[in-house]
Structure formats: structure tokens, C-alpha cells
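What follows is a single structure, written as C-alpha cells, with notes after it.
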Amino acid sequence: MTDYTLYIIIILVVAFLLSAIRILREYERGVIFTLGRFWKVKGPGFIIVIPLIQQMVRVDLRIIVMDVPSQDVISQDNVSVHVNAVVYFRVIDPEKAIIQVEDYYSATSQLAQTTLRSVLGQHELDEMLSERDKLNADIQRILDEQTDAWGIKVNNVEIKHVDLDDSMIRAIAKQAEAERVRRAKIIHAEGERQAANELANASEILAKQPSALQLRYLQTLTEIAGDKTNTIVFPLPMDMLETLTNNLKK
């Protein structure tokens, strides 16, 4: 064997060994197949994969942020809306994520879209706008149950936007304005009722002490006497007029 041939053999052996070396980061795992059959999950760090005999598929274990495209949803009260959301999920079982489903990202995306339409279609528009936390929890629970067989854990689901048609926006604005007017009338009526109750209580107190009414007259005159532009009309009690009339008759 010549030196040239020996060098070639050494280079081939070194290349073979280098091709067998894999470095996996802390958040990565390698699903190893030996002659097409699943063997084990390796990583992180330094691992050996025998070329031609073994194959490795890298799996990222970090949380994936997936944007769910805008979906056309018809609410339970027959209102058409456009809704989009964001899903946070991660792989917790690399073996299932690679073997049980062809593309776990695409599968999770499609399932999120159909679940979003299905869940929101069971609620009215007011619930979509005011009870997002409950809807987010319902969607997250359904997705988590469905993707568990794929080795996927859905951590959170957030509905980002609920877009309405211009005509529906105007209708909601009118409804909100009418609601504010109704509340204003109720508050005004409640104020009138409380004022009437207080006046009734005051009249009962004044009726028990007639002299208190005279003091109230004098206090009112004192308050308005400082303004010279006012014309003061001083009311006389009927009993005083009766006393003066009787004196004149005598």
C-alpha cells in the first residue's frame, strides 16, 4: 500500500468520523432512527450519529409563537366578524411530535383555525367583545386536549382582534349612546327621588316646630340680601295675617 493510498484512507476515516458528530443546543433534541426504525431521543450536547445507518431529526423545544390567520366567523346572533389570534405552544415529547404527525406546526395551525371558528360561532357578539378571557381559556383547553397525542403542549391562546363591518360599528355606537342616555335618566330620577325624600323629612321637622320655619325665612333673607340687584319678596305667614286682621276689626 502506497503512502498516497494511506493518506486517502486516513482522510476518508476522518471525514466519516466528522460526519458522525452532532452538536445539539440546550433547547434542541435529536430523534434518532436506526435503519428507519425509531431508536431513541438524544441531546443536548455532543452525540454520535452513524452515517448511512442512522438518521437524526432535530426538534426545537422552545415555545413557538404561531399567528392564526384572520377567520370569518358568524356569531350565534348571526353577526359576521373577522377574528385572528395567536397561539403559544411547545414540543414536550419529541418522539410523538415526529412520529405521530407529519408536520406538527402545520397540524397545530390548522387545528387552531378550525377550533377558533367553532368556539366563537357558539357565542354572541357581546360575549366575544366582553368575555375574551373565557373564550381564550376554552380554545386553549380544546387545543391542548387535541394536540396531546402529538407531544404538543399549548400554553396560551390570545384573541387579538375582532373586526366588524362599518354598519355594525355604527349600530354598536348607537346602542352605546342609548345605554348612556338610559343611565343618565336613571341617575337623574334617582336624584329626584332622594331630594323628594329629604324634602319630606325636612317638612316633617318644620311642621313639628313652627318657629323653625320663621328662622328659615330669616336665613334665606340674609343669604340674598347681599346682592342689591335682587328684588326681595318677603312671605308673611297666614297666622300673622290673621292676627293683624283681628286687631284691625277690634
Side-chain angles (χ1 to χ4, degrees), residues 25-31 33 38 41 43 55-183:
R25 296 182 178 89
E26 182 65 31
Y27 55 82
E28 291 180 328
R29 298 294 184 270
V31 181
F33 294 89
F38 171 75
V41 177
Q55 295 83 35
M56 183 190 73
V57 180
R58 291 177 182 263
V59 180
D60 195 324
L61 301 185
R62 292 177 295 180
I63 292 179
I64 300 174
V65 181
M66 182 180 64
D67 188 27
V68 180
S70 180
Q71 302 295 309
D72 294 330
V73 179
I74 298 179
S75 64
Q76 194 174 25
D77 51 350
N78 295 323
V79 178
S80 178
V81 296
H82 305 282
V83 183
N84 61 351
V86 60
V87 178
Y88 301 86
F89 70 95
R90 64 187 181 91
V91 177
I92 59 175
D93 191 335
E95 177 186 351
K96 291 182 179 179
I98 297 301
I99 297 177
Q100 299 298 329
V101 62
E102 179 182 3
D103 185 347
Y104 65 84
Y105 184 91
S106 177
T108 304
S109 176
Q110 294 297 322
L111 181 61
Q113 296 177 39
T114 56
T115 303
L116 182 66
R117 293 194 299 268
S118 176
V119 172
L120 296 184
Q122 300 174 8
H123 296 79
E124 296 183 355
L125 177 62
D126 292 341
E127 295 176 344
M128 295 184 192
L129 299 176
S130 62
E131 299 182 3
R132 288 196 181 186
D133 291 340
K134 179 179 179 298
L135 296 177
N136 291 337
D138 291 342
I139 298 172
Q140 187 267 336
R141 176 181 54 80
I142 295 174
L143 286 178
D144 197 29
E145 292 176 354
Q146 295 292 329
T147 58
D148 183 65
W150 304 340
I152 303 296
K153 172 63 179 177
V154 179
N155 299 93
N156 194 17
V157 176
E158 292 290 340
I159 297 175
K160 293 197 299 184
H161 300 292
V162 178
D163 297 328
L164 304 173
D165 295 333
D166 293 338
S167 59
M168 183 56 60
I169 293 176
R170 290 192 295 270
I172 292 176
K174 291 180 180 179
Q175 180 182 2
E177 182 179 359
E179 178 66 17
R180 289 193 295 269
V181 172
R182 183 185 69 86
R183 293 180 181 179

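We're numbering straight along the sequence, starting at 1. Values below: all heavy atoms of this structure, side chains included; hydrogens, waters and symmetry mates excluded.
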Quick one: pull up CG in Asp138 and NE2 in His123 and give me the separation to the nearest 0.5 Å. 5.5 Å
side-chain contact (heavy atoms from CB on, under 4.5 Å) for Val157 and Thr115? Distances and angles first, verdict last. CA-CA 11 Å; Val157 176; Thr115 303; over 6 Å; no
If only atom types and distance count, is the side chain of Thr108 paired as donor or acceptor with the main-chain N or O of Tyr104 below 3.5 Å? yes
Does the Gln71 side chain pair with the main chain of Pro69, one donor and one acceptor, at a distance under 3.5 Å? yes
Return yes when atom CZ of Arg25 has more than 12 non-hydrogen atoms of other residues, nucleotides or ligands closer than 6.0 Å, and no otherwise. no
Separation between CD1 of Ile152 and CD of Gln100, rounded to the nearest 0.5 Å: 11.5 Å
Which is it for Asp144 and Lys153 under the side-chain contact (heavy atoms from CB on, under 4.5 Å) test, yes or no, and what are the steps along the way? CA-CA 6 Å; Asp144 197 29; Lys153 172 63 179 177; 2.9 Å; yes
So which of Gln113, His82, His161 actually passes side chain to side chain contact (heavy atoms under 4.5 Å, CB included) with Ser70? His82
Step-by-step side-chain contact (heavy atoms from CB on, under 4.5 Å) determination, Val86 to Val68: CA-CA 6 Å; Val86 60; Val68 180; over 6 Å; no
Atom CD of residue position Glu102 - does it have more than 12 heavy atoms of other residues, nucleotides or ligands inside 6.0 Å? no
Measuring from Asp77:CG to Asp126:CG, what's the distance to the nearest 0.5 Å? 7.0 Å
d(Gln122 CD, Gln76 CD) to nearest 0.5 Å is 8.0 Å
Quick check: do Val91 and Asp60 have side-chain heavy atoms less than 4.5 Å from each other? no
I'd like to know if the side chain of Ser118 reaches the main chain of Thr114, judged simply by a donor and an acceptor atom lying under 3.5 Å from each other, with no hydrogens or angles considered. no
Using every non-hydrogen atom in the two residues, find where Gly121 and Val73 come nearest and quote the distance to one decimal. N-CG1, 3.9 Å
Which heavy atom in Ala112 sits nearest to a heavy atom in Val87, and how many Å separate them? CB-CG2, 4.1 Å
Could you walk me through whether Leu116 and Ile139 pass side-chain contact (heavy atoms from CB on, under 4.5 Å), step by step? CA-CA 7 Å; Leu116 182 66; Ile139 298 172; 3.5 Å; yes
Within this structure, what is the CG-CD1 distance for the pair Asp133 and Ile159, rounded to the nearest 0.5 Å? 9.5 Å
Any donor-acceptor N/O pair, Asn136 side chain to Arg132 backbone, under 3.5 Å: yes
Identify the heavy atoms of Met128 and Ser75 that sit nearest to each other, and give their distance. CE-CB, 3.4 Å
Between Val59 and Val41, is any pair of side-chain heavy atoms under 4.5 Å apart? no
Give the ring-plane orientation class for Phe38 versus Phe33, where under 30° counts as parallel, over 60° as perpendicular and anything between as tilted. perpendicular
Could you pull out the closest heavy-atom pair between Ile64 and Tyr105, with the gap in Å? CG2-CE1, 3.6 Å
Could you state the interatomic distance from CG (Leu135) to CD (Glu127), rounded to the nearest 0.5 Å? 7.5 Å
Minimum heavy-atom distance between Leu61 and Arg90, given as atom pair plus value: O-CB, 3.8 Å
Verify the neighbour count for atom CD1 of Ile92: are there more than 12 heavy atoms of other residues, nucleotides or ligands below 6.0 Å? yes
